[in-house]
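So that the names make sense, note that chain A is the first sequence line, chain B the second, and so on, each numbered from 1.
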There are 2 protein chains.
Amino acid sequence: MARDDEIGDQEQSSIAEQRREQIIAAAVTLFSERGYFQTTIEDISNAIGVGKGLIYRYFKDKNDVLLSALCSVLRGNQQENSMQQLSTSGPIATLRKILANSCAMAHENTEAVILAYRSTKDLMPKQRRQVKDIELGIARDIELCLDACISAGLMRPLDVRIMAFQYIMLGHTWALKHWALRNNYSMESFLAEGERLLLLPFLTAAGRRKLAAENKKRQTLAGEKKAAPPKQSGRAPR
Amino acid sequence: MARDDEIGDQEQSSIAEQRREQIIAAAVTLFSERGYFQTTIEDISNAIGVGKGLIYRYFKDKNDVLLSALCSVLRGNQQENSMQQLSTSGPIATLRKILANSCAMAHENTEAVILAYRSTKDLMPKQRRQVKDIELGIARDIELCLDACISAGLMRPLDVRIMAFQYIMLGHTWALKHWALRNNYSMESFLAEGERLLLLPFLTAAGRRKLAAENKKRQTLAGEKKAAPPKQSGRAPR
DNA sequence: CATGCCTGACTGACCAGTCAGTCAGGTTTT
DNA sequence: AAAACCTGACTGACTGGTCAGTCAGGCATG
């Protein structure tokens, strides 16, 4: 039915691989909305208009669907990060990009982030390990970047492991506490305040100079593309 | 069977109220361990050595048990905080106490914190509101304390709402990411680094003086009770 | 014997996972 | 080119099992 009209942006060729992706996509949506245990395999198969039995051609069992869904979610933002990890711009720019990506990702996939916190424990221990290793990988990347800033004299020495998790948690907080924050902040203002809390205070004089220079450059370079660099946070009225 | 031998430390008089507490305690433990959907009502009743039907004398249905369990968990640390909110010592000391309580609570009730993140969505919308209101109350308390610090000139102005959630999330992070942090940090070293990230950088000169004075006083006052005030974080080897 | 705490067998709904069977498309044979 | 044959993706009725919630009856106490 709707098989041929939505391919084209997919790089995966194999038709079987496409089905797999399709199932995972539906699973992420449904698990996010209703939770793992309140979603039946039939819900998933109905969502993509196939029979129940077909799911079991592609996945061992329901738990296997969950594992794939969670991995897909987690890898979603790991990729975005590591792509630009040792980017051409300096380590401070990279750090900012990490914060920005983390928030943007949490903004667009709020439900998926929540799903990860909700359902990781429903996996078997070995699968849980797998999911955690992905997150550790993300943390490691951030640590490297922080280390780079510190040894370049741009940032004061600090515990990079804990700071890395603070960086990760900034985006997660935006997703997990959206019910308390969304009314009062835009994602941009939240991110700006995040930088003010997790980046600015730890820069050395040199680091601050670098940051200012980057801001200036970006301002001139981008011209009028965006009015002003985020400066004031949108504090809530009440 | 095991009905009479474990009462006595309970201050609640009504025998019915005691049963309720007993059920909630068992529910918190079991839900934490296995999750809401993988815990049966019979599991709970067996855990306290009563029949299944009895649970329904005290709770409308299984969901009602979950609500009570979650509220019990959340109220656990709200109380501890607000007790000392407008404490006799200054607002900075209070702020530190909030961080310390948050971490200590997360340390002792790791599973319960995780439970809250896992299962709040399994409540009905109205009940969910209830749980969130409790957390908003906690945030409000912290905001007040931050405001007090700022208007006393001890802390530089910042967005107190977001900072309040950073404070809450510090403890939650200790619980949620314990699998990555517990090997490398003691709760004390984590807390110390937390202060270094979320308190110290935002103090004014006056604030830092105040903090130093408090540390000194506590050091002399407590004598040799504890060797040194936390100074170096225990960064991990690998 | 009456009151009320308590029990656990029972019911009905629900669902993961299975499997015999269908059918559209391709390949070989005539 | 037509007929016979094959393949494997796909279906959905079915099974076996689980569990929330009920209720008739048990037991203890006053």
Interatomic distance, [X] [atom1] vs [N] [atom2] [rounded to whole Å]:
{"X": "A:L54", "N": "C:dC23", "atom1": "CG", "atom2": "C1'", "value": "15 Å"}
{"X": "A:N63", "N": "C:dG17", "atom1": "CG", "atom2": "C1'", "value": "13 Å"}
{"X": "B:I55", "N": "D:dG21", "atom1": "CD1", "atom2": "P", "value": "12 Å"}
{"X": "A:K60", "N": "C:dT18", "atom1": "NZ", "atom2": "P", "value": "10 Å"}
{"X": "A:D61", "N": "C:dC15", "atom1": "CG", "atom2": "P", "value": "17 Å"}
{"X": "B:I23", "N": "C:dT7", "atom1": "CD1", "atom2": "P", "value": "10 Å"}

Verify the distance criterion only: is there a donor paired with an acceptor across the side chains of [X] and [Y] at less than 3.5 Å?
{"X": "B:S32", "Y": "B:T29", "value": "no"}
{"X": "A:S72", "Y": "A:R20", "value": "no"}
{"X": "B:Y185", "Y": "A:D159", "value": "yes"}

Touch class at under 4.0 angstrom, heavy-atom based, for A:Y58 against every strand present: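 Sugar-phosphate only.
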Sugar-phosphate only, base, or nothing, as touched by A:K52 at under 4.0 Å among non-hydrogen atoms: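 Base, at least one base heavy atom under 4.0 Å.
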Out of C:dT7, C:dT18, C:dC6, whichever nucleotide has its closest atom nearest the side chain of A:Y56: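 So the nucleotide nearest the side chain must be C:dT18.
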N or O in side chain of B:R19 less than 4.0 angstrom from C:dC6 OP1/OP2: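 It does, given that an N or O in the side chain of B:R19 lies less than 4.0 Å from OP1 or OP2 of C:dC6.
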DNA chain C contacts among residues 31-49 of chain A, heavy-atom distance under 4.0 Å: A:T39, A:T40, A:I41
Side chains of residues 41-54 of chain B: which donor-acceptor pairs under 3.5 Å do they make with residues two or more places apart or in other chains?
residue: B:D43; atom: OD1; partner: B:T40; partner atom: OG1; Å: 3.4
residue: B:D43; atom: OD2; partner: B:R34; partner atom: NH2; Å: 3.1
residue: B:D43; atom: OD2; partner: B:T40; partner atom: N; Å: 3.0
residue: B:D43; atom: OD2; partner: B:T40; partner atom: OG1; Å: 3.3
residue: B:S45; atom: OG; partner: B:E42; partner atom: O; Å: 3.0
residue: B:N46; atom: ND2; partner: B:E42; partner atom: O; Å: 3.3

Side chain to side chain contact (heavy atoms under 4.5 Å, CB included) involving A:D122 - partner list, sequence neighbours excluded: A:Y36, A:F37, A:L66, A:S119, B:Q38, B:R118
Residues B:K132 and B:E135 bridged, charged N to O under 4.0 Å: no
